[in-house]
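Keep in mind that what you see is a predicted model, and the values were worked out from it rather than measured. Each chain gets a letter, A, B and so on, in the order its sequence line appears, and its residues count up from 1.
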Amino acid sequence: MKIQSIPTTESELMQRAKSIAGYSLHDIAQSIDLPMPPDLKKQKGWVGQLIELYLGANAGSKAEQDFAHLGIELKTIPINRSGLPLETTFVSVAPLLSNHGITWQSSHVKYKLSKVLWIPVEGDRTIALAERRVGLPILWQPSPQQEQQLKQDWQELMDMIVLGQIEKITARHGEFLQIRPKAANGKALTQAYNESGELIMTRPRGFYLKKQFTSQILQHYITNLQIR
DNA sequence: GGCTGATCATGA
DNA sequence: TCATGATCAGCC
């Protein structure tokens, strides 16, 4: 696999992102000598990793944004033939334990979503993985209204966690932001508090953006696949 | 286990 | 048909 240099500026990153619009995953993978899996059943994050490698994201960075020096988080998003999202978008792990004093302003959710480079990728399962094409990049920052939408859901969900109601939270809570399990499998367990304030073991959870929210973003920036 | 990257697959 | 809950892989 060829290692890409880290983009120094935002415009350099955008130029690189625009340069792959219209190309297939096969083309992009070949250009950096990355082996292609037959499908995503065994490597669900492969598309994200491919784009990350191509754009020169800080590989292995942890709680930081992908391009921390630019203040930008990278997200690939699978879209259907109409350009609408096929999946929800993972944002960050939900803090179940040491969450005293966390506010929206200091939350990981707000930090990760402060500036996002969205890369739409054809995700229709009837299209072979190698033939799926990448769309034009979207550099997005939440509008005051969007931030308010996220903040409201985040507050409601965090309130439930702090009250020990983690087991009562389902993916149906929250209008734009939801909490769902996020783990290697059903055996993965982590600590949380129940309503009596006792420690319990529960499945790790993550914050996800619902499709309705990411649809707004894609529609606003009028994403279309660029045909070559 | 817990973080990164996400999509799969089944029940409603 | 589609969203929820479950799951996959790699790193530390």
*Using side chain to side chain donor-acceptor pair (under 3.5 Å) as the criterion, point out the one residue from E73(A), Q141(A), Q65(A) that pairs with S114(A).*
Q65(A)
Tell me: [atom1] of [X] to [atom2] of [N], nearest whole Å?
| X | N | atom1 | atom2 | answer |
| --- | --- | --- | --- | --- |
| R125(A) | dT1(C) | CZ | C1' | 12 Å |
| D39(A) | dT7(C) | CG | P | 18 Å |
| F90(A) | dC8(B) | CZ | C1' | 17 Å |
| D124(A) | dT7(B) | CG | P | 13 Å |
| L189(A) | dT7(C) | CG | C1' | 15 Å |
| E52(A) | dC11(C) | CD | C1' | 12 Å |
| H108(A) | dG5(B) | NE2 | P | 13 Å |
| L50(A) | dA9(C) | CG | C1' | 16 Å |

*Given side chains that start at C-beta, do those of M158(A) and P95(A) come closer than 4.5 Å, heavy atoms only?*
yes
_Flag side-chain contact, heavy atom, 4.5 Å: L96(A) against Y193(A)_ = no
_Sugar-phosphate only, base, or nothing, as touched by A188(A) at under 4.0 Å among non-hydrogen atoms_ = sugar-phosphate
*For G45(A), answer base if it contacts any base atom (sugar-phosphate contacts may also be present), sugar-phosphate if it contacts only those atoms, and nothing otherwise; contact means non-hydrogen atoms under 4.0 Å.*
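Answer is base: heavy atoms of G45(A) come under 4.0 Å of a base.
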*In this structure, which one of L74(A), I20(A), I119(A) forms a side-chain contact (heavy atoms from CB on, under 4.5 Å) with P137(A)?*
I119(A)
_Looking at K41(A), I'd like to know whether one of its side-chain N or O atoms comes within less than 4.0 Å of OP1 or OP2 on dA6(B)._
no
_With a cut-off of less than 4.0 Å, is there a side-chain N or O of T89(A) near OP1 or OP2 of dA6(B)?_
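For dA6(B), OP1/OP2 do not have a side-chain N/O of T89(A) under 4.0 Å.
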*Out of dG2(B), dT4(B), dG5(B), which has the shortest distance to the side chain of E73(A)?*
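In terms of side-chain proximity for E73(A), the closest of dG2(B), dT4(B), dG5(B) is dG5(B).
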_Lys/Arg-Asp/Glu bridge criterion (N-O < 4.0 Å) met for K115(A), E10(A)_ =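 Salt bridge between K115(A) and E10(A), a charged N being under 4.0 Å from a carboxylate O: yes.
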*Does the distance from a Lys or Arg side-chain N to an Asp or Glu carboxylate O, for R81(A) and E122(A), drop under 4.0 Å?*
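The answer is no: the pair does not qualify as a salt bridge.
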_Closest-nucleotide mapping onto DNA chain B: is G123(A) or V93(A) further toward the 5' terminus? I mean the 5' end._
V93(A)
*asked:* Over the length of the helix from dG1(B)-dC12(C) to dA12(B)-dT1(C), how much do the five-pair end axes diverge, rounded to 10 degrees?
replied: 30°
_Less than 3.5 Å apart, any donor N or O on the side chain of Q146(A) or Q216(A) sitting next to an acceptor on the other?_
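Yes, side-chain donor-acceptor contact under 3.5 Å.
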Polar-atom pairs under 3.5 Å, protein N or O versus N or O of nucleotides 3-6 of chain C: list them with distances, or write none.
from   : atom 1 : to      : atom 2 : distance (Å)
dA3(C) : OP2    : K211(A) : NZ     : 2.5
dT4(C) : OP1    : A171(A) : O      : 3.3
dT4(C) : OP2    : Q178(A) : NE2    : 3.1
dG5(C) : OP1    : R172(A) : NH2    : 2.9
dG5(C) : OP2    : A171(A) : N      : 3.0
dG5(C) : N7     : R180(A) : NE     : 2.7
dG5(C) : O6     : R180(A) : NH2    : 3.0
dA6(C) : OP2    : R203(A) : NE     : 3.0
dA6(C) : OP2    : R203(A) : NH2    : 2.5

*With sequence neighbours excluded, tell me which residues meet side chain to side chain donor-acceptor pair (under 3.5 Å) with K211(A).*
none
_Taking G22(A)'s backbone N and O only, do any of them form a donor-acceptor pair with R133(A)'s side chain (distance below 3.5 Å, no angle check)?_
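Not confirmed, R133(A) side chain does not pair with G22(A) backbone.
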